[in-house]
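The structure appears right after this line, and notes come after that.
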Protein chains: 2
Amino acid sequence: MNLKDLSDYLGLSQTTVSRALNGYPEVSEKTRKRVQDAAAAHNYRPNTRAKGLATGRTMSIGHVIPISARHEIVNPIFADFIAGAGEIYSKNGYDMHLTVVPDTDEARVYRDIASKGSVDGVIVHGPLQNDPRIKLLQDLGLPFAVHGRSGRGDEDYNWVDVNNARAFERATNFLIDLGHRRIALLNGNEKMDFAARRRLGYLTAHGARGLTHDPALMFSDEMTEHYGYASVLRALDHPSPPTAFLISSIISSIGARRALEERGLQLGRDISIITHDDELSYLKNGEDLPIFTATRSSVREAGRICAQMVLDVIANPTSPPQHRLLESDLTVGNSTGPAP
Amino acid sequence: MNLKDLSDYLGLSQTTVSRALNGYPEVSEKTRKRVQDAAAAHNYRPNTRAKGLATGRTMSIGHVIPISARHEIVNPIFADFIAGAGEIYSKNGYDMHLTVVPDTDEARVYRDIASKGSVDGVIVHGPLQNDPRIKLLQDLGLPFAVHGRSGRGDEDYNWVDVNNARAFERATNFLIDLGHRRIALLNGNEKMDFAARRRLGYLTAHGARGLTHDPALMFSDEMTEHYGYASVLRALDHPSPPTAFLISSIISSIGARRALEERGLQLGRDISIITHDDELSYLKNGEDLPIFTATRSSVREAGRICAQMVLDVIANPTSPPQHRLLESDLTVGNSTGPAP
DNA sequence: TATGCATACCAAAGCGCTTTGGGTGTCTCG
DNA sequence: CGAGACACCCAAAGCGCTTTGGTATGCATA
């Protein structure tokens, strides 16, 4: 059933039917009702492509999901972010257009998307420090919002980010206050902006308290379970091992816990851990009692905000860039205690 | 830059340029080369919507991601499945169209997608037993492939599934052979087809060995970490507690391990665990040595196969339905041992 | 009676592409 | 030398919608 069929059936022109369905005033309420009823009865929905061609809008937002080319790992926070964004999209009649691509040739994909005109805007995932994608998208004139930021000069594009530096500074201070002096950092890949900022927070706290950090206790890689496990073992084998760990992801923290268990060390007594918690739906940091002391910020909520942001930009292309810096809670669990 | 601009620039008709780019024989190789070079130089890509309108194909596949309406949980295996499917899509010039939707009104979404004509085919995620979506899609005439199966009558649609019954039967037998007699089952939501089959395998093994199962040791819910944790505690508090657990997801197994740790029980000695392992990229079952004894099957590979299957159906609509039943490995790790 | 102005509708162009149904020039062969 | 055959190219229709630029009708006003 297409517009022509429907208008033939109703004995009206396509113009009138289209206007009736799209809420234009040039059609009597009686006719509009008749058209709407017929459309519902025949289960008519305008063809997306045709509508897109005619209006120049696709009503869909592109997400380019980078897959680590080195390790073939897809970021686990992605599922929850998408869930949040998807909520907003369906509320606004938008669709989500997904491309998974090795993180080595993301630029090509953005270029493709832009010239194929298949989306009205895009969300940038996992920005690096000084990510070239941002300039590219600005040049292409494609509306976009970034989940995270990208180094300096973050004034002239739209982003939603967690205050990563602050979160990790607070967490580090919390540990220092408990008497810890050797604190290991299991960070994400520090080419990524969020990880660089977390590192900064960690270093800032050290500096402010007159402590020196030990590069041998600072790790940076993709945040898998195994990374947490292996890094903790390595740190513990250091001649002067840490008494506390600051970990960038709850997934790696699970690996860390496994390592401690294997070594017979008790979490919160022998070794303290603070983790960052993205509030993944299937991997909550405890239901009522938190498992880990954690800096907490919902990635799903970030997805919602980010999605709303692109939609705003699309609706209002001339408005100034929007920024949203989310503060994270510091929830105290049983994984931290005074330094032994 | 659109077709008209490009053909004007080249002094050729749109027809010729279109044919040159799409590999039709009616154009000289010399001209084709000239056209291709110009297209590349001007970064020309045909507009997706226009192409779709003209050809009747969208070159995109729809994925409808159900979110548990009760618990707002998005299935963690989803990210890896998508990664696998995305690989195949980009190799074949297809895109992925995503809709996240509460699992209560998925049907509406499929109906929408079909009448809006925004995709060439869809993948069905997380089929229930006797899932109404399958009949719906057949009625709508939309090509589709199911990740999993849906109860009886699985001959007349396309699916990729793991042999869940067999996997869990083997795992149960393995535990029985080790002397375990009270084996708890931490299953997924048994409205889902995969979980029902796993339950069946578990029961079959019990029956074949003349053992009776205890409903008090059988759990069914969404497979979160907390579910694993809470269920293990509950099972251990049973007057006659189990000596082994069979767990449907590595995520829940992590929760299970946490519960054991809390109770001071040693995995593989006091309590045995066999888990199902979807080979999630960020949550591998150990890097070299497996953490858990596990029935293993790559969900990413399933994504690849499933994607290829829809593409095949689209290319060849009259071919008979394809089925692919993947057998899972049983890898032995340190989480199992003789019954105490 | 003529004019103005809403109101309610419509025909047709246009979005950017593919594809049908030719057309023209060159070559080959009887 | 004329007729097919072939290679190469083109104009225009059509995909399903929105939107521009109307027209016809009815009614109040001057």
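To find a chain, count down the sequence lines: A is the first, B the second, and so on, and within it residues start at 1. All values derive from a computational prediction rather than experimental measurement.
For Leu12(A), whose side chain is taken as the heavy atoms from C-beta onward, the closest listed nucleotide among dC17(D), dC10(D), dC9(C) is dC9(C). In the set dG16(C), dG21(D), dC10(D), the nucleotide with an atom closest to the side chain of Asn2(B) is dG16(C). Relative to the side chain of Ser28(A), the nucleotides dT18(C), dG16(D), dC9(C) differ in distance, and dC9(C) lies closest. Checking dC15(D), dC9(C), dC8(D) against every side-chain atom of Thr31(B), the shortest atom distance belongs to dC8(D). Among the nucleotides dC9(D), dT20(C), dT19(D), the one closest to the side chain of Val27(B) is dC9(D). Picking from dC17(C), dC17(D), dC10(D) the nucleotide with the shortest atom distance to the side chain of Ala54(A) gives dC17(D). Relative to the side chain of Lys51(B), the nucleotides dC17(C), dC9(D), dC10(C) differ in distance, and dC17(C) lies closest.
Between Pro25(A) and Thr16(B), the one whose closest nucleotide on DNA chain C sits nearer the 5' end is Pro25(A).
Between Tyr44(A) and dC17(D) there is a side-chain N or O to OP1 or OP2 distance below 4.0 Å. For Ser18(B) and dT18(C), the shortest distance from a side-chain N or O to OP1 or OP2 is below 4.0 Å. The shortest distance between the side-chain N/O atoms of Tyr24(A) and the OP1/OP2 oxygens of dT19(D) is below 4.0 Å. Distances shorter than 4.0 Å separate none of the side-chain N or O atoms of Asn47(B) from OP1 or OP2 on dC15(C).
For the residue pair Asp103(B) and Ser68(B), no side-chain donor N or O sits within less than 3.5 Å of a side-chain acceptor on the partner. For the residue pair Asp95(B)/His97(A), the side-chain donor-acceptor check at 3.5 Å is satisfied.
Using a 30° and 60° split on the angle between ring planes, His63(B) and Tyr89(B) fall in the perpendicular class, above 60°.
Whole-Å rounding puts the Asp5(B) CG to dC15(C) P distance at 11 Å. One interatomic measurement links the two molecules: CZ of Arg49(B) to P of dG14(D), which rounds to 23 Å at whole-angstrom precision. Between the CD atom of Gln14(B) and the C1' atom of dC8(D) there is a distance of 18 Å, given to the nearest Å. The CG-P distance, from Leu53(B) to dA13(D), rounds to 18 Å in whole Å. dC9(D) atom P lies 13 Å from atom CG of Leu21(B), rounded to whole Å. Distance Met59(B) CE to dC15(D) P: 21 Å, rounded to the nearest Å. Taking atom CZ of Arg45(B) as the reference point, atom C1' of dT18(C) lies 19 Å away to the nearest angstrom. With rounding to whole Å, Glu26(A) atom CD is found 17 Å from dT25(D) atom C1'.
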Given the rule in the side chain to side chain contact (heavy atoms under 4.5 Å, CB included) test, do Leu21(A) and Gln36(A) qualify, once you have shown the distances and angles that lead to the verdict?
-> CA-CA 6 Å; Leu21(A) 293 174; Gln36(A) 282 171 338; 4.2 Å; yes
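Using a 4.0 Å heavy-atom criterion, one finds that Arg19(B) contacts the bases of the nucleic acid, with or without backbone contacts as well.
Residue Arg45(B) comes nearest to Lys116(A) through the heavy atom pair CB-CG, 3.7 Å, listed as atom of the first residue, atom of the second, then distance.
A salt bridge links Asp80(B) and Arg300(B); the closest N-O separation between the charged side-chain nitrogens and carboxylate oxygens is under 4.0 Å.
For Thr15(A) against dA11(C), a side-chain-to-base donor-acceptor contact under 3.5 Å is present.
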